[in-house]
Amino acid sequence: MPIAPSTPRFDLKDRSVLITGANRGLGAALCKTILQYSPKIIHAGYRTAPGEFEDPLNSWCQLDIQDEASVATAAASIGELDVLINNAGMLIPTAADPAEERANLEAMMDLHLHNPLRLIDALLPSLQASSQPMIVNMISMAAFASVPGCEGYCTSKAALHAATQGLRLKHPDIHCVGVYPGPTATDMTAGSTAPLADAMKSAATILSGLCEGKTAIFPDEAALAVESLVGAGVATLEQQFTILLSD
Ligand SMILES: NC(=O)c1ccc[n+]([C@@H]2O[C@H](COP(=O)([O-])OP(=O)(O)OC[C@H]3O[C@@H](n4cnc5c(N)ncnc54)[C@H](OP(=O)(O)O)[C@@H]3O)[C@@H](O)[C@H]2O)c1
């Protein structure tokens, strides 16, 4: 007997979506792929220059998430918002000099933790007014174990992973999702010798995962191998801690 397809828990149709760092890489792939879902509007965030693609549903929005004034201006101009995708990121390889390494870690903690949290705060009134609010944080499979040469990056992504769990507790009415990609072919991995996932394929998997109502998405082969090691364990711990602390 054919199995009926499960009803998606979330519908991106007619939704207002903001993606940070949408001009290139995974952000651009998400932007292009969401168009297939007929959203109401995509606020495609860019820091310096908009991406090279145009669509009537795509609205380029200047947003440097490290700049408080830029965040305030973007938040004021966006108004209605259903889905926030915190995608902007950077990978600074580990520096040999300790002072340089501390400065790099600070920059990545800002970009991957403090800035997304500030953006969420700025957009909270809009998200809370939505009938189907969603926050999606682009984390990394490297949040679960440090990768040699990228220790600071992994630390900052581990912090974003913990913060995503925290957001779920603090905002039970908002669907908060962590995305944990493996190495993916974008500017970030230029020159890497690791097998790289295709950004457009990952974007398609991420978006179908969002519509299925997943809270953790492992969008490629390398990420799925990590999920098989830690995925259920993390979800179970999250539930157990909630029960423990509610007693
Ligand atoms: N590629 C991978 O293998 C991989 C794996 C796991 C997770 N991720 C995560 O996925 C996300 C996207 O990565 P990617 O591979 O697409 O990287 P990418 O190609 O290097 O693109 C990074 C994007 O982030 C934007 N950005 C950086 N700083 C910003 C700021 N202060 N304000 C606004 N935007 C800013 C960049 O804008 P500009 O063009 O202005 O620089 C660019 O659009 C990141 O969070 C990354 O950590 C990537």
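Position 1 is the first residue of the sequence, and the numbers go up from there.
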Trace of the side-chain contact (heavy atoms from CB on, under 4.5 Å) decision for Cys211 with Leu12
CA-CA 7 Å; Cys211 292; Leu12 293 169; 3.9 Å; yes
dist Leu207:CG -> Tyr37:OH (nearest 0.5 Å) comes out at 5.0 Å
If you round to the nearest 0.5 Å, how far is OG1 of Thr94 from CD of Glu151?
3.5 Å
Can you name the nearest heavy-atom pair linking Ala185 to Leu196, along with the distance?
N-CB, 3.7 Å
d(Ser130 OG, Glu80 CD) to nearest 0.5 Å is 8.0 Å
Which pair of heavy atoms, one from Thr184 and one from Gly182, lies closest together, and at what distance?
OG1-O, 2.7 Å
CD1/Ile135 to NE2/His171 distance, rounded to the nearest 0.5 angstrom?
6.0 Å
Below 30° counts as parallel, above 60° as perpendicular, anything between as tilted: where do the rings of Phe144 and Phe218 land?
parallel
Separation between CG of Leu117 and OG1 of Thr164, rounded to the nearest 0.5 Å
8.0 Å
Got more than 12 heavy atoms from elsewhere within 6.0 Å of CD, Glu106?
no
Heavy-atom neighbours of Glu238 CD exceed 12 at 6.0 Å:
yes
Applying side-chain hydrogen bond (donor to acceptor under 3.5 Å, both in side chains), which residue pairs with at least one partner in residues 190-209 are found, sequence neighbours left out?
none
Residue pair Ile206, Met138: steps toward the side-chain contact (heavy atoms from CB on, under 4.5 Å) verdict:
CA-CA 10 Å; Ile206 291 166; Met138 290 295 280; 4.1 Å; yes
Derivation and outcome, side-chain contact (heavy atoms from CB on, under 4.5 Å), residues Asp82 and Met134:
CA-CA 6 Å; Asp82 302 292; Met134 196 190 293; over 6 Å; no
Pairing residues for Glu227 by the side-chain hydrogen bond (donor to acceptor under 3.5 Å, both in side chains) criterion, not counting sequence neighbours:
none
With sequence neighbours excluded, tell me which residues meet ring-ring contact (aromatic ring centres under 6.0 Å, His included) with Phe241.
none
Check the pair Ile34, Arg15 against side-chain contact (heavy atoms from CB on, under 4.5 Å), reporting the backbone distance first and the verdict last.
CA-CA 10 Å; Ile34 289 186; Arg15 298 290 167 186; over 6 Å; no
Close side-chain approach of Tyr153 and Leu91, heavy atoms under 4.5 Å
yes
Just wondering, more than 12 heavy atoms not from Glu68 lying within 6.0 Å of its CD?
no
Spacing of CG belonging to Asp110 relative to CG belonging to Leu105, to within rounding of 0.5 Å
9.5 Å
Name the residue from Asn115, Thr20, Asn137 that meets the side-chain hydrogen bond (donor to acceptor under 3.5 Å, both in side chains) definition with Asn86.
Asn137
